[in-house]
Amino acid sequence: MSALILFITVFGALLIGFPVAFTLGGVSMILGLINFGPELFNLMPLRIWGGITNFVLVAVPLFVYMGVMLEKSGIAEEMLETMALLFGKIRGGMGISVILVGAMLAAATGIVGATVVTMGLLSLPTMVKRGYNIPLSCGIICAAGTLGQIIPPSVALVIIASVFNLSIGDIYLGAFIPGFLLVGLYLLYVIIIAIFKGEQVPAMPEEDLAKFRSDKMFRRIFFAFLLPMALIVAVLGSIFAGIASPTESAAVGAFGATLLALAKRSLNYKKAMAVMYDTMNLTAMVFTLLIGATAFGLVFRGMQGDTIILEFIEKTNMNPTTFLILVNAIIFIAGFFIDYIEISFIVLPIVGPIFQSMGLDLLWIGVLIGLNFQTSFLTPPFGFSLFYLQSVAPKEVTINHIYRGIVPFIVLQVIAIGIVIYYPQLALWLPKVLSK
Amino acid sequence: AGAAMTIGAPAIHASQKYLWKMVTTWPPNFPVMGEGAVMLAKWIETMSEGRLKIQVYGAGELVPALEVFNAVSSGTVEMGHGASYYWAGKSQAAQFFAAVPFGLNAQGMNAWLYAGGGQQLWDEVYAAFNLKPFAAGNTGVQMGGWFRKEIKSVADIKGLKMRIPGLGGKVITKLGGSSINVAGGEIYSNLERGVIDATEWVGPYHDYLMGFYKVAKFYYYPGWHEPGTVLESFVNKKAYEALPKDLQEIITTAMYRSNAWMLATFESKNNEYLYKLTHEHKVNLKSFPKDVLDAFKKASVEVISEITSKDPISKKVFDHFTAFSRKVDAWAKISEIPYYTSIM
Amino acid sequence: MKTIINICDKISGFFGYIAAWLTSALVLVIIYDVFTRYLLNSSKIWIQELEWHIFALVILLGTAYTLRQNGHVRVDIIYSKLSVRKRALIDLLGVIILLIPFSLFIIYTSKDFVLSSWQCAEGSPDPGGLPARYLLKAMLPFSFLLVIIQGASMFLKALLTLLGDTSYYHEKTNH
Ligand code: NA
Ligand code: NA
């Protein structure tokens, strides 16, 4: 009961508009103190420490650095515009290239925040400038930027694998096809919009195309497209060639972007400082939010919120498919409010053994839950992607735009989950074939 | 009245109920270690007829894995579960109660702790942190790890990038290799891509679950760096001393059972999964060459003496450990070794 | 009051400046690690630890500055539509009810966390790792001290706005 009060109070308080990190922290603290006193809060510093010293998360500032550098030096904008120009007069060309770039970044990183931030910085201002429908642009970026969660490598898949005792290699392979299924669905959606509501995804203006064709075309392609592409290839390549870990390749990207900006002579002291300040501010914002969320998670546990969820699950004594759908529905709903790490630790240890006793393949379930977790990054009010995007969005974009834009993509996510529930082989085929 | 008092007093004790929390360094449901922690709590609850109920939390649920020691030390949480080498940053001596390179195996560690005076030293080291430690499990001899390249001589260690934390890592560094910190979830892909050339993990069972056989060709033995790692559980000293004597005994007894269960499970699972690895997945099983093991051994001695020369408590613990191992070795020379030789 | 605001902002600004430069330091340290490992086949544990030490410092030293820049994300469905005075009132109340108590509470609860680390002179559990981990741990309460200082500035700015000074809040805000 008190856990429910915690939820309602926190959401009410968030709506007032005081910074999320301190609202989460402050409200959780007050309710926790009222409910069970100060004792449990001695664990707060330990939890914060764990969050800000997590080596895997070091990739976040590095990807931000890379993204901001590409943006401030004008490379990113030119790159995306050039990319869109290469798609020519096609309506929705920008959206398609954002989704493809998102899928590529997803194959480079396992962290959602960084990708959304990078994509938001790279694409959103350009899309808005070109007259794209703002909510749709936000939706495309949030969804495409969240692909890193399901396309390997992925931190979430690693956590699922560890809770379910699965091989990480297997779950990476298992998530591969469902991940690209999702990419396909996104692309299909943008194409349908382009056909039926073309004004929302306008083609390049004719004068831009003409200017592009006449004005030093090769030079422009070289600087605006090939060089940054070389950079992305270097980032992906440094991972796949085994030169760097995913975290380190982010540093390679940040360093490479700096070199490109220097080569382009578009980097000066003022811009360099701006890059560093933006990187620092975004990093501090994301991880202060994590600190607030940690207070919330602690109080939620202290109020036996997990027991309430457990009892709810235990009450449902039903056939495997219904149970599977119910669990996914619960995770989907929980994903509105808490992040996937919390869900992994609350729900998965409870349902894992039940699935196993029902004779279902945990690899398939793990991939499904990975898809579901990805949705949790997109669902308000606690969709982290939405916050990440808002934090880098241009002034004219409000959180309302983002909330509205994300709805169709949440529907697409649910469709993808349904498809993988119906065809387990989408998750199971590749690991079976390749682990020989 | 006297008789009434003696009948009445235990009744008051017996009605006192305790609800404890146990935080662990293991992910929830982690095979053997995590499962063992949950069973340990269950046994204590059953034996005490529900008077001592322990709620178990996986790594990250209440506190991150490496903050378990702090959480119990401060008394916010009553009980913890992990391995003592994680706390070497707090006290260098702690790591010797988990594993010593080329040190004792499971049988030897149990002998040292239970009957050789090791437990008293452990109590002493942990008392400084308000903790009462127990042996609660053992991995048995671990494996040397997964290597992408064959190790033919000591020269092959030079330039080797291996994920191997702690003392073992320092040994690799001493021989010209590098010990690389890799987050648990990234080990597989880093090994696959060659960011690291090698990794150690636990034994065949856990290694199989990580899928390393798909990305590294050579599986080396023995696990010289972890010949019989003790898995520990510790209780906040104040909380422990506040318990009635019978509950203290119940905890101690459950620890013994947990220790036996984990070691037995490791032995049985490792056999099963070694077979799977070698027969189903045709893993290339290899022994470290003699000169490599000798070099590891020499470097281990140097690494440990660098630690003990700077820290008197470490020296005290390690000297005791060494004296005890010498005696165990002498006995093994005419018991275990000839016996194993005779049956192979 | 303006002098106090100025001093508070300067303190956050100083540590924000350091935190900003640390982002470049982070990139360079990791690049150095990658290159020595790839070219010289050598990698040191202390350098790998230095990476996440810097990362933690970027957050801990930077968060107060981010507060000064109004960079902490808000749910602005309602907030963005409010008048300047109402927004100032929300910030004023938020600082005294949520931000400062929460920060004080973190400082209070991290007392034992830092002290126990300090007493055993905690270092890295890895031989070859960085010493003096207790110094980094001490940055946690320090970080929230900086947040309180910046919170005080935020409070005073909101107060001045409510008293009719228009220089701190603008009609349109984003975050
Ligand atoms: Na990914
Ligand atoms: Na090991």
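Computed from a predicted structure; not experimentally measured. So that the names make sense, note that chain A is the first sequence line, chain B the second, and so on, each numbered from 1.
Ring geometry, A/F287 versus C/F55: the interplanar angle exceeds 60°, so the pair is classed perpendicular (tilted spans 30 to 60°). Taking the six-membered ring where the residue is Trp, A/Y277 and C/Y17 present tilted rings, their angle falling between 30° and 60°.
Side-chain atoms of C/K81 and A/N400, non-hydrogen and from C-beta on, do get closer than 4.5 Å to each other. In this structure, C/V58 and A/P61 have side chains that are not in contact, with every pair of non-hydrogen atoms separated by 4.5 Å or more. C/I30 has its side chain within reach of A/L62: a pair of non-hydrogen atoms, C-beta onward, lies under 4.5 Å apart. Taking the side chain as every heavy atom from C-beta outward, C/V147 and A/T288 never approach each other to under 4.5 Å. Between A/S28 and C/F102, every side-chain heavy-atom pair lies at or beyond the 4.5 Å cut-off. Counting heavy atoms from C-beta on, the side chains of C/V95 and A/F22 never come closer than 4.5 Å.
The heavy-atom pair separating C/R74 from A/P19 by the smallest distance is NH1-CD, 3.5 Å. In terms of heavy atoms, A/T23 sits closest to C/L98 at CA-CD1, 3.9 Å. Summarising the geometry of A/M276 relative to C/S24, their closest heavy-atom pair is SD-OG, 3.0 Å, with the distance given to 0.1 Å. Closest approach of A/M280 to C/A19, counting heavy atoms only: CG-CB, 3.6 Å. What you find for A/A284 and C/H72 is that their closest heavy atoms are O-CE1, 3.9 Å.
For chain A, the nearby parts of C/K137 are the backbone and the side chain; heavy atoms of each come within less than 4.5 Å. Looking at C/I97, both its backbone and its side chain come within 4.5 Å of chain A, counting heavy atoms on both sides. Contact of C/D91 with chain A is made through backbone and side chain together, with heavy-atom distances under 4.5 Å. Contact annotation for C/Y32: neither backbone nor side-chain heavy atoms come within less than 4.5 Å of a heavy atom of chain A. Contact of C/L28 with chain A is made through the side chain alone, with heavy-atom distances under 4.5 Å. Heavy-atom distances place no part of A/L43 under 4.5 Å from chain C, backbone and side chain included. Residue contact with chain C, scored on non-hydrogen atoms closer than 4.5 Å, is absent for A/A13. Of the two parts of C/I90, the backbone and the side chain both hold a non-hydrogen atom closer than 4.5 Å to a non-hydrogen atom of chain A. Neither the backbone nor the side chain of C/L22 comes within contact range of chain A; no heavy atoms are under 4.5 Å apart. With a 4.5 angstrom heavy-atom cutoff, A/V27 touches chain C via backbone and side-chain atoms both. For A/L282, no part lies under 4.5 angstrom from a heavy atom of chain C. Residue contact with chain A, scored on non-hydrogen atoms closer than 4.5 Å, involves the side chain of C/M154 exclusively.
How far CD1 of C/I59 is from CD1 of A/I291: 7.0 Å, rounded to the nearest 0.5 Å. From A/I48, atom CD1 reaches atom CZ of C/F113 across 8.5 Å, with rounding to the nearest 0.5 Å. Distance check, rounded to the nearest 0.5 Å: CZ of A/F255 to CD1 of C/I31 gives 5.5 Å. From A/T53, atom OG1 reaches atom CD of C/E49 across 10.5 Å, with rounding to the nearest 0.5 Å. Atom OH of residue C/Y108 and atom CE of residue A/M44 lie 14.5 Å apart, to the nearest 0.5 angstrom. A distance of 15.5 Å separates CZ in C/R87 from CD1 in A/I16, rounded to the nearest 0.5 Å.
Annotation: maximal heavy-atom pairing with chain C below 4.5 Å, among A/F41, A/W49, A/Y65, occurs at A/W49. When each of A/G51, A/A272, A/G25 is scored by its heavy-atom pairs under 4.5 Å with chain C, the top score falls to A/G25.
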*Does the side-chain contact (heavy atoms from CB on, under 4.5 Å) test come out yes or no for A/I52 and C/L60, once each step is laid out?*
CA-CA 9 Å; A/I52 62 172; C/L60 293 174; 3.7 Å; yes
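Using modelled atom types and a 3.5 Å distance limit, the side chains of A/N281 and C/T66 yield a donor-acceptor pair.
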